[in-house]
Amino acid sequence: MTNSPSSSIKKKLILDQLGFLLEEALLEEIYLNSQLKEFKLDDEIIHPGDDLLAIPIVLEGSIKVSRENSAGEELLLYYIEGGDTCAMTLQCCTQKSTSEIRATCMEDAIVLMIPRDMMGIWMNKYKSWREFILQSYHTRMMEMMETIDAIAFMRLDERLLKYLKDQAKLLGTLELQHTHQQIADDLHSSRVVISRLLKQLEVSGTIRMMRNRIFLNEL
DNA sequence: ACATTAAGTGATT
DNA sequence: AATCACTTAATGT
């Protein structure tokens, strides 16, 4: 977490990501009331149990949102990219409760922090804000259904391949710098199992592997 | 050269 | 598919 970039950059980022979605007066209010924050790879933006004082809107980079059980084991729920918000956070903010999820940076990211008090005010004041929030809710819901489907109906090897492809799309590269352990954590599996499945994928010509690196041969 | 961390393997449940 | 108990390989200091 470093200091905010200059305000002209802030203005440009807001316009780039939200300009076409939100009305002008609201954009101005966002600009005035929000705080721009930079995060680095693997920084945690939200921890489970956090009291949320602001909702994040991702302007650049990608964030993964995961659940955590009492043993500290994770399960990846969905991703958030530029111009999107996290539905769970919205709820936490409006209900003034604590976070049920963890949000981690998959790459360096720039995030707009909006004070939670603004939520209610803008909900009443701006139609475009209501639509934005509802739309975001809907998208998150659909994504979560997709991962539920994956967990319930797909075999782990299919899930793994889907995971690799999702990551590649999101990060915009066919060369993933993940350890087998990290992948196992995201999918809530064990390292040994992931290693073996990856080996199969390599033999079948879908990927190539090196230490800390996985190359997808195609999307 | 040694310690640490990532990845591979066979056996067992 | 998970876990155990090692082994081997790659990296950092």
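Keep in mind the model is a prediction, meaning the values are calculated, not measured. Hydrogens, waters and symmetry mates play no part in the numbers below; they use all other heavy atoms, side chains included. Residue numbers start from 1 in every chain, and the chains themselves are labelled A, B, ... in the order their sequence lines are given, proteins ahead of strands.
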Please identify the 5'-most and 3'-most nucleotides of DNA chain C with any atom under 4.0 angstrom from a heavy atom of chain A. C:dA1 to C:dT11
Contacts of type salt bridge (charged side-chain N to carboxylate O under 4.0 Å, His left out), residue A:Glu28, not counting sequence neighbours: none
Who else is in the cluster with A:Val203 when I, L, V, M, F, W and Y are joined by side-chain contacts under 4.5 Å? none
Spell out protein contact along nucleotides 4-11 of chain B as letters: B when the base is contacted, S when just the sugar-phosphate is, - when no protein heavy atom is under 4.0 Å; keep the 5' to 3' order. -BBBBBBB
Excluding A:Leu197, membership of its hydrophobic cluster (Ile, Leu, Val, Met, Phe, Trp, Tyr; side-chain heavy atoms within less than 4.5 Å) reads A:Leu76, A:Tyr79, A:Met106, A:Leu156, A:Leu160, A:Leu161, A:Tyr163, A:Leu164, A:Leu170, A:Leu171, A:Leu174, A:Leu176, A:Ile183, A:Leu187, A:Val193, A:Ile194, A:Leu198, A:Leu201, A:Ile207, A:Met209, A:Ile214, A:Leu216, A:Leu219
Side chain to side chain contact (heavy atoms under 4.5 Å, CB included) filter on A:Met145, not counting sequence neighbours, yields A:Met141
Go through the structure and list residues passing salt bridge (charged side-chain N to carboxylate O under 4.0 Å, His left out) with A:Glu60, not counting sequence neighbours. none
Linking Ile, Leu, Val, Met, Phe, Trp and Tyr by side-chain heavy atoms under 4.5 Å, what else ends up with A:Ile151? A:Leu75
The complete set of salt bridge (charged side-chain N to carboxylate O under 4.0 Å, His left out) pairs with one or both residues in residues 203-216 of chain A, sequence neighbours excluded, reads A:Glu175-A:Arg213
Taken in chain and number order and not counting sequence neighbours, the residues that satisfy side chain to side chain contact (heavy atoms under 4.5 Å, CB included) with A:Ala152 are none
In residues 146-161 of chain A, what residues come within less than 4.0 Å of DNA chain B, judged by heavy atoms? none
Establish, for the pair A:Lys10 and A:Tyr31, whether the NZ or CZ atom is under 6.0 angstrom from the six-membered ring centre and no further than 45 degrees off its axis. yes
Hydrophobic side-chain clustering at under 4.5 Å (ILVMFWY, transitive links): who's grouped with A:Leu41? Put none if nobody. none
